[in-house]
Trainee: 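Dumping the structure here so I can ask a few things about it.
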Amino acid sequence: MLTVRAPATSANLGSGFDVFGVALGTPADVVRVERAPETEISVTGVGSQYIPEDPAKNTVGAVAEALDAPARICIDKGVRPSSGLGSSAASAAGAAVALNELYDRGLSREELVPIAAEGEALVSGEAHADNVAPSLLGGFTIVADGVVTQVDASIPVVACLPETTVSTRDARQVVPDRASLSDVVDTVGNAATLAVGMTRNDPELVGRGMEDAIVTPERTALIDGYDRVREAALEAGATGVTVSGAGPGILAVCYPSSQRAVAGAMIDAFDAVGIESRAYQTTVGEGATCYHSQP
Ligand SMILES: Nc1ncnc2c1ncn2[C@@H]1O[C@H](COP(=O)(O)OP(=O)(O)OP(=O)(O)O)[C@@H](O)[C@H]1O
Ligand SMILES: N[C@@H](CCO)C(=O)O
């Protein structure tokens, strides 16, 4: 039995739609695998009742198929599905690392990115890799034209998850297919600012660079309480706030000294509109870790 911990991730970061992603210190999925004649999947943990165990419908089934690596796969979900924290991607990334090891396929983490992205194609209709890349590689990742660039980063964040859910498939329907030149110019400027901020571990630059006037405004309309939560986080000291992935999770960047206040303000703001939520106070962290192996 071989065990892999694969972290939650936050994709887009506002200005980097389908391009940027970060690995989060917490939460994470734990994926255990052992060789079997055919793939069998069992799922426990947060939201497991909503996750299919049929290999044709689970992201890890798509990964086992792509690696030609049938296995008994146990997923212990720490990342709630349809939350915006890359739940489907965490399982896929964990399975990719575990099965690559189990079957001695010898693929690098970069080579596993398109394989894990097959799982995303299964659930959202598109093999976008902006969640699987940081879950596999850690830190901050840029996926551009199929090529992944990674930098280690250590930025404090608060990921606040309301009890509501938004499916990525639905949230992709509201993405506009056109943008004005001035919005594109602003977004390029913000994305560049954010990327430099990651290389400098600078929460101010990262927070400022998350602004986006193209995709995010359409997505926030799907999240009850978004404007109130964003305002509350900024007032409590966040340097930037945006939708995490396809939502409904909301990501705030901050300095360590204001992390606790930001988390409390976000929970209170959701509470004020009658929505329960939980906040992860964490930092941009490591990629999937293979931490236990037994014969
Ligand atoms: N191993 C898995 N883990 C989680 N969800 C899975 C898994 N396999 C299939 N799914 C399905 O994928 C959907 C959740 O994926 P979705 O992309 O909508 O959410 P997410 O991964 O939490 O969010 P985001 O990609 O916005 O960060 C659910 O319908 C769920 O049943
Ligand atoms: N880039 C993807 C991430 C969510 O899986 C989206 O926003 O649709």
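Just so you know, these numbers use all the heavy atoms, side chains as well, and skip hydrogens, waters and symmetry mates. One-based numbering, in listed order, for ligands and for the atoms of each. Keep in mind that what you see is a predicted model, and the values were worked out from it rather than measured.
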Trainee: Is the closest N or O pair between Glu120 and ligand 2 shorter than 3.5 Å?
Mentor: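 No - when backbone and side-chain N and O of Glu120 are compared with those of ligand 2, no distance drops under 3.5 Å.
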Trainee: Heavy-atom count check: over 12 atoms from other residues, nucleotides or ligands less than 6.0 Å from Arg35 CZ?
Mentor: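 Yes, CZ of Arg35 has more than 12 neighbouring heavy atoms, counting only those of other groups under 6.0 Å.
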Trainee: Validate the cation-pi geometry between Arg5 and Tyr291: distance from NZ or CZ to the six-membered ring centre under 6.0 Å, angle to the ring axis within 45°.
Mentor: no
Trainee: Taking NZ, NE, NH1 and NH2 as the nitrogens, is one of them in Glu211 or Arg230 under 4.0 Å from a carboxylate oxygen of the other?
Mentor: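 Salt bridge: yes.
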Trainee: Would you give the length of the straight line joining atom CE of Met266 to atom CG of Asp271, rounded to the nearest 0.5 angstrom?
Mentor: 14.0 Å
Trainee: Identify, for atom 5 (O) of ligand 2, the protein heavy atom at the shortest distance, and state residue, atom and that distance.
Mentor: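 Heavy-atom neighbour on the protein nearest atom 5 (O) of ligand 2: His128 CE1, 3.0 Å.
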Trainee: Near Asp18, which atoms of ligand 2 are under 4.0 Å from a heavy atom of that residue?
Mentor: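 Those atoms are 1 (N), 2 (C), 6 (C).
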Trainee: Checking a contact table here: which protein heavy atom is nearest atom 6 (C) of ligand 2, and how many Å away?
Mentor: Arg172 NH1, 3.2 Å
Trainee: Please list the nearest protein heavy atom to atom 7 (O) of ligand 2 with its residue and the distance rounded to 0.1 Å.
Mentor: Asn12 ND2, 2.7 Å
Trainee: Considering the heavy atoms of Thr168, write down every atom of ligand 2 situated less than 4.0 Å from one of them.
Mentor: 4 (C), 5 (O), 8 (O)
Trainee: Between Ser91 and Lys77, does any side-chain donor sit less than 3.5 Å from a side-chain acceptor?
Mentor: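 Result is yes, a qualifying pair exists.
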Trainee: Would you find more than 12 non-hydrogen atoms of other residues, nucleotides or ligands less than 6.0 Å from Arg260 atom CZ?
Mentor: no
Trainee: Atom CD of residue position Glu38 - does it have more than 12 heavy atoms of other residues, nucleotides or ligands inside 6.0 Å?
Mentor: no
Trainee: What does the contact table look like for ligand 1 (nitrogen or oxygen on each side, cut-off under 3.5 Å)?
Mentor:
from: ligand 1; atom 1: 1 (N); to: Asn58; atom 2: OD1; distance (Å): 3.0
from: ligand 1; atom 1: 1 (N); to: Thr59; atom 2: OG1; distance (Å): 3.3
from: ligand 1; atom 1: 1 (N); to: Ser91; atom 2: OG; distance (Å): 3.1
from: ligand 1; atom 1: 3 (N); to: Lys77; atom 2: NZ; distance (Å): 2.9
from: ligand 1; atom 1: 8 (N); to: Asn58; atom 2: OD1; distance (Å): 3.4
from: ligand 1; atom 1: 8 (N); to: Thr59; atom 2: N; distance (Å): 3.1
from: ligand 1; atom 1: 15 (O); to: Ser88; atom 2: OG; distance (Å): 3.4
from: ligand 1; atom 1: 17 (O); to: Ser88; atom 2: OG; distance (Å): 3.3
from: ligand 1; atom 1: 17 (O); to: Thr168; atom 2: OG1; distance (Å): 2.7
from: ligand 1; atom 1: 18 (O); to: Thr168; atom 2: N; distance (Å): 3.1
from: ligand 1; atom 1: 18 (O); to: Thr168; atom 2: OG1; distance (Å): 3.2
from: ligand 1; atom 1: 19 (O); to: Ser82; atom 2: N; distance (Å): 3.3
from: ligand 1; atom 1: 21 (O); to: Ser87; atom 2: N; distance (Å): 3.0
from: ligand 1; atom 1: 21 (O); to: Ser88; atom 2: N; distance (Å): 2.9
from: ligand 1; atom 1: 21 (O); to: Ser88; atom 2: OG; distance (Å): 2.8
from: ligand 1; atom 1: 22 (O); to: Ser82; atom 2: N; distance (Å): 2.9
from: ligand 1; atom 1: 22 (O); to: Ser83; atom 2: N; distance (Å): 3.1
from: ligand 1; atom 1: 22 (O); to: Ser87; atom 2: N; distance (Å): 3.3
from: ligand 1; atom 1: 25 (O); to: Thr168; atom 2: OG1; distance (Å): 3.4
from: ligand 1; atom 1: 26 (O); to: Thr168; atom 2: OG1; distance (Å): 3.2
from: ligand 1; atom 1: 26 (O); to: Ala246; atom 2: N; distance (Å): 3.1
from: ligand 1; atom 1: 27 (O); to: Gly84; atom 2: O; distance (Å): 3.3
from: ligand 1; atom 1: 27 (O); to: Leu85; atom 2: N; distance (Å): 3.3
from: ligand 1; atom 1: 27 (O); to: Gly86; atom 2: N; distance (Å): 2.6
from: ligand 1; atom 1: 31 (O); to: Tyr50; atom 2: O; distance (Å): 3.0

Trainee: Identify the closest protein heavy atom to atom 3 (C) of ligand 2: which residue and atom is it, and at what distance?
Mentor: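 Of every protein heavy atom, Asn131 OD1, 3.6 Å lies nearest to atom 3 (C) of ligand 2.
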Trainee: Have Ser82 and Thr165 got a donor and an acceptor in their side chains that come within less than 3.5 Å?
Mentor: no
Trainee: Take atom CD of Glu53 as the centre, draw a 6.0 Å sphere, and report whether it contains more than 12 heavy atoms from other residues, nucleotides or ligands.
Mentor: yes
